[in-house]
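To start, the structure itself, in structure tokens.
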Amino acid sequence: MAETQGPDVKFPDPVELSRAMARIAEHSQHLVTEFLARQASDGHANASADPLHIGNAFLEMTTRIMADPVKLVQAQMSLWYDYMTLWQRTTQRLMGQEAEPVIIPSKEDRRFKDSAWDENTVFDFIKQSYLLTARFLQASVRDVDGMDDKSAMKVDFYTRQFVDAMAPSNFVMTNPEVLRATMESGGENLVRGLEHLLDDLERGKGQLSIRMTDYDAFQVGKNIASTPGKVVFQNDLMQLIQYSPTTVQVLRRPLMIVPPWINKYYILDLRPKNSFIKWAVDQGITVFMVSWVNPDEELSAKSFEDYMAEGTLAALDQIQLATGTPEVNAIGYCLGGTLLASTLAYMAAKGDERITSATFFTTMTDFSEAGELSVFIDEEQLQMLEEKMNEKGYLDGSTMAASFNMLRANDLIWSFVVNNYLLGKDPFPFDLLYWNSDSTRMPARMHSFYLRNMYQKNLLAQPGGISLKDQPIDLRLIKTPTFMLSTREDHIAPWKSTYAATQIFSGPVKFVLSASGHIAGVVNPPAADKYCYWTNTKLPKTPDAWLEAAKQSPGSWWPEWFKWLQKHGGGKVEARIPGTGGLPVIEDAPGSYVAVRIT
């Protein structure tokens, strides 16, 4: 495509370049025409210039900052001093002298991994200038006196979004790796990147839907979600999968896993080497998985209590038919754990003791400190969200995905902007990101109940605050032996918030804290020999006190959990083959519900 000029620099072939640009122009015109037509047809929609109501929070912050000009001047003088120091040390480097950096990025910051950010004096100056300004902006909005907590969190969150967006790594002329690729390819990387951008806009129907991985590299049931098993029951909301045993004997009490329905269950069954399900089966456990439906407008009226009745309670009934054993051990992950806790409280009120032990993965039951997701939960935004849901009967999966991605914008947004659009590369095949892109919808009635009663009002933590099937529930009545697994860097369910359940439940609780985040801290097989975890036999009132006295152990927490679970296993029985009990086989795992894609 290119004619080479010199050893390193290539200039584009004008004929090939004109063809590429003509192709892009035609593609762009088609996209713009469709986008404008959709905008015209959606003219009745909420047209608020500030739908997230960020402006009021920033106005309040500005007013309070200006009320204390001395503090503002001190902060600006500190920034000025930092810049003077940076200019001085940059001059020293330009003169061939050694100079210590004024500021360095954190070890986790991968934006500045290219060696030129350190070795080239100009790019080092650009990097440090950005880091100093970012630190100044974020410190300024965090140190404002008198702001209410919600407004302060919103200002801090959206300031970070702005700071992340303005990083020099996100622009062609200030990213050394992109500049190098542009010179070496004669600009081909930018042409390819523009084509990638247009493809993503077309897939998102006018909204940017960034391709995070090679979607053609994975197929559910083939190379992910491939642990052998059978679907043995289904209703409107879920399919129940029973996995095929790999051991001669199994624990008498089967394991019921309740995943979140905000994402699909196979985060616990990605590939054999990191599948929690396969590992659990290999330990001699009869595993049943709830695989939630990807709902459409026909299920808009399904409620949170429907998810309990047709999900957890229905699964308990069917597992007893399949195995002949009335008791089960149960796992709930994230929102699935919130449902499991609600179910346990309901069952406690009814005297139902079929769940012998409960394990919670990164689960919140007290939402008083719900972390950065609460930025999206205020009355104005909830009303806007409910209007949007009521139009279709559900919340589109892309809306939820966008919110979660914003929590880790550098990793889940800007890194792909650089890779896909500036470097013009195809994204790397990655099972976790395939799962992350496999979005699910939320029924309007259920999601509104969940957001209002739990996130906004925190009623689940209040005795009798929530009623399910006309039964007021109280988490304090839960006496079931409990294993709680939280993750130290969790941005969705902050571990200090999840710890609150240890002070609410009445039964024995074992709390374990894993390193890493909401996904990697959970999906951490022993063979990987990664991370670590903390344990403490005591449960002091505060999470900080718990961690201060906790014991750190290397590697995966999975064996620690299994050692605990065996105490509630009920002895050993002959392995159970799906379809040989009281439930006939409907289809092979992973089933048809999980295969429904909306992207």
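- At least one donor-acceptor pair closer than 3.5 Å links the side chain of T213 to the backbone N or O of F430.
- In this structure, W279 and W561 have tilted ring planes: the angle between them lies in the 30° to 60° band.
- Distance alone, capped at 3.5 Å, places no donor-acceptor pair between the D164 side chain and the Q161 backbone.
- Within a 6.0 Å radius of CG in D529, other residues, nucleotides and ligands contribute 12 heavy atoms or fewer.
- Looking at Y266, Y333, W261 one by one, the single match for ring pair (Phe, Tyr, Trp, His ring centres under 6.0 Å) with W292 turns out to be W261.
- Between the side chains of N458 and D366, a donor-acceptor pair is found at a separation under 3.5 Å.
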Could you go step by step and tell me if K388 and D396 meet the side chain to side chain contact (heavy atoms under 4.5 Å, CB included) rule?
-> CA-CA 9 Å; K388 189 174 182 179; D396 192 86; 5.9 Å; no

Take L539 and F511 through the side chain to side chain contact (heavy atoms under 4.5 Å, CB included) test and state the conclusion after the steps.
-> CA-CA 8 Å; L539 296 172; F511 187 86; 3.9 Å; yes

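- Inspection of the S275 and D269 side chains reveals an N or O donor paired with an N or O acceptor under 3.5 Å.
- Both the sub-6.0 Å distance and the 45° axial angle are satisfied by R597 relative to the ring of Y434.
- Within 6.0 Å of CD1 on I104 lie no more than 12 heavy atoms contributed by other residues, nucleotides or ligands.
- The backbone N or O of S291 lies less than 3.5 Å from no partner atom in the side chain of Q239, so there is not a single donor-acceptor pair.
- In this structure, the ring of F376 has its center less than 6.0 angstrom from the ring center of F157.
- Shortest non-hydrogen contact noted between L340 and G332 is CD2-N, 3.5 Å.
- Smallest separation of non-hydrogen atoms from Q552 and C532: NE2-SG, 3.6 Å.
- A side-chain N or O of D306 and one of S303 form a donor-acceptor pair less than 3.5 Å apart.
- Heavy atoms from other residues, nucleotides or ligands lying under 6.0 Å from CZ of F171 number more than 12.
- Ring to ring, Y533 and W557 are not that close: their centroids are 6.0 angstrom or more apart.
- The main-chain N or O of V375 is found under 3.5 Å from a side-chain atom of Q381 such that the two form a donor-acceptor pair.
- Using a 4.5 Å heavy-atom threshold, the side chains of I257 and Y265 count as separate.
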Evaluate salt bridge (Lys or Arg N to Asp or Glu O under 4.0 Å) for R192 paired with D426, printing each intermediate quantity in order.
-> CA-CA 9 Å; R192 289 194 304 270; D426 291 322; over 6 Å; no

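- Not one N or O on the side chain of S486 forms a donor-acceptor pair closer than 3.5 Å with the backbone of W495.
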Step by step, would you call N390 with E386 a side chain to side chain donor-acceptor pair (under 3.5 Å)?
-> CA-CA 6 Å; N390 290 335; E386 287 171 340; over 6 Å; no

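- The number of heavy atoms from other shown groups lying within 6.0 Å of CD (E379) is above 12.
- The environment of E369 atom CD is sparse: at most 12 non-hydrogen atoms of other residues, nucleotides or ligands sit within 6.0 angstrom.
- Residues F505 and F360 place their aromatic rings such that the two centres sit under 6.0 Å apart.
- A donor and an acceptor atom, one from each side chain of N223 and Q219, are nowhere located under 3.5 Å apart.
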